[in-house]
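The block underneath contains the structure these notes are about, expressed in structure tokens.
Just so you know, ligand 1 is whichever comes first in the structure, and atom 1 is the first atom listed for that ligand. The structure displayed is predicted, hence computed values, not measured ones.
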Amino acid sequence: MSEQRDQFSSKIGFILAAAGSAVGIGNLVGFPVAATKNGGGAFLIIYALFVAFICVPVMLAEMGLGRRAQKSPLGSYQALSPDNKGWHIAGLLAVITPFMIAVFYMVITVWIFGYLWHSVTGNLAMLADPEYFGQFVNDYGFVGFLVAVTVIINVILVGGVRKGIEKAAKFLMPALFIMLVLLVIFVLSLDNAALGVEFYLVPDFSKIDGSVINGALAQAFFSLSLGMGILITYGSYFSRRDDIVTSGKLVALTDTAVAFTAGLMTLPAIFAINPNTNPDTLSDSSVSMIFSFFPQIFVALEGVVGYFGASLAATVFFLLTFIAAITSLVSILEVPTAAIIEKAKFSRKKTLLVMGFAVTVLTLIAATSFGFIPAFTEFTSYAGQTKSVFDVIYDVFYDTILPLNGLLICLFVTLHWRKKGLEDELSEGNPNYRNTLLAKYVRISISTFIPLILAVVFINTVLTKFVGFSLF
Ligand code: TRP
């Protein structure tokens, strides 16, 4: 290799960057609401078990693969299986998936930026109008917000790993933690906040069924950035001297802790404003919670803390969500960036220009599929439902391909790279790893029940989404 590969400067730099990737909109709103609707503490326990016993091994496999190959996912699968072209498809999928996920996440991030802008400029009352979101998504203002978000992301990405991604994460992640804690303290001081905490934490095992279990696993898997090629890419920027195993565990812990803490903000806020809320009626969709429901909560706060106070709370909330979204977007765009630099031998700047153009065009197509352009809005239909371009990208890449990518990495480790290959890699920087219980557990699980479970999730999702038939 002629040029030294850019690397994270330290373990903490990697942990913050990877946690920045993992902590997203889903942690702040999707997770707390899902927990509350699906058995509170019972859901939390199941979720934590999935993180520890299913997600962490897959996470270590991705990071190990990337560090071994020192390449993007595309190059990693190729480098470790030069004579077996079948695996190259897994590499290709691990680059296309993040690119497409970036498109739908970009749309949501641009909206958040728009809402942040309007909260700062004193338009909170406008945001809370039930009709507003429908108008907002079909307004030309989108283009201005899109330009702003694109500039922010590229300013971070052009700096590379150490001077861009790591530097941004070291500043943004602590800011995120602080804002989250401040909001939790504020929300918990409101009357009736305890009701929300109760719904969130008290376990109700009668709510747990097959689909809740499937949902908890899917949420844990997505939340930790698995199956997106991100941890393969970040692993390739990880020093050989550093300890992948401890770092991976800390990333999982941070992501889960943020999701858990966010529940102490989201739920109490909902119940403080309306103590009679029936949790079952809360929307499953983070999008409708963030853009339709939350502005109404903030406006209702006006009675308690005045319009300025309410706007300030809304601003902190949207800023927090925006930071969570930006750090995820940066990580996911780094995957195709690394692959293009590697394969096309473009400079980083040229790569970002080419990719930025492609992402912008696709983002505009996805963003105009909410009524603005009918052909994109009623793009296709399956399982008896009309689907927009945005829906298709979400269903295919976010919901369906992620577990498939996770399955492929397990199969790759088991059938091709061999468990010993992974174990040797994980022992670098952590010489004692081989003798730990975790090593034993990873060795067994990654070639038996983890791929089996991921295969069942994948098949069930395909059937549910595209055929309209659910296994459980
Ligand atoms: N945790 C993220 C969320 O809750 C999901 C996610 C992980 C993600 N990595 C990502 C989303 C990268 C976009 C890009 O939203």
- prompt: Are any non-hydrogen side-chain atoms of T36 and T266 less than 4.5 angstrom apart?
  reply: no
message: Heavy-atom distances under 4.0 Å decide this one: backbone, side chain, both or neither, for N27 against ligand 1?
response: both
- request: Using a strict cut-off of 4.0 Å, indicate which atoms of ligand 1 neighbour a heavy atom of S223.
  value: 1 (N), 7 (C)
task: Starting from atom 1 (N) of ligand 1, find the nearest protein heavy-atom neighbour and note its residue, name and distance.
output: A22 O, 2.4 Å
- prompt: Looking only at protein heavy atoms, which one is nearest to atom 8 (C) of ligand 1, and how far off is it?
  reply: M228 CE, 3.9 Å
query: Among protein heavy atoms, which lies nearest atom 9 (N) of ligand 1, and at what distance?
result: S225 OG, 2.7 Å
message: Testing F104, F390, F221 one by one against Y398 for a ring pair (Phe, Tyr, Trp, His ring centres under 6.0 Å), which residue passes?
response: F104
- request: Could you establish whether Y398 and ligand 1 come within less than 4.0 Å of each other, counting only heavy atoms on the residue side?
  value: yes
message: Any nitrogen or oxygen of Y105 lying under 3.5 Å from a nitrogen or oxygen in ligand 1? Just yes or no.
response: yes
Non-hydrogen atom of D255 closer than 4.0 Å to ligand 1: no
- request: Considering the heavy atoms of G26, write down every atom of ligand 1 situated less than 4.0 Å from one of them.
  value: 3 (C), 4 (O), 15 (O)
- request: Examine the proximity of ligand 1 to F221 and report which part, side chain or backbone, both or neither, has a heavy atom under 4.0 Å away.
  value: neither
field: Per-atom contacts, ligand 1 versus I230 - under 4.0 Å to a heavy atom
entry: 12 (C)
field: Residues L44, Y200; criterion side-chain contact (heavy atoms from CB on, under 4.5 Å); working and verdict
entry: CA-CA 9 Å; L44 298 180; Y200 178 49; 4.1 Å; yes
- request: Run the ring-centre check on F372 versus F142 and record whether the distance is less than 6.0 Å.
  value: no
- prompt: If you measure from CZ on F238 to CZ on R67, what distance do you get to the nearest 0.5 Å?
  reply: 6.5 Å
message: Does any N or O of ligand 1 fall below 3.5 Å from an N or O anywhere on F222, backbone included?
response: no
message: Centre-to-centre under 6.0 Å for F14 and Y237, is that the case here?
response: no
message: Looking at F379, I want to see if its CZ is surrounded by more than 12 non-hydrogen atoms of other residues, nucleotides or ligands under 6.0 Å.
response: no
message: Does K350 qualify as a cation-pi partner of F346, given the criterion of NZ or CZ under 6.0 Å from the six-membered ring centre and within 45 degrees of its axis?
response: yes
query: Got an N/O contact under 3.5 Å between I25 and ligand 1?
result: yes
task: May I ask you to say whether K465 pairs ionically with D395, meaning some side-chain N is under 4.0 Å from a carboxylate O?
output: yes
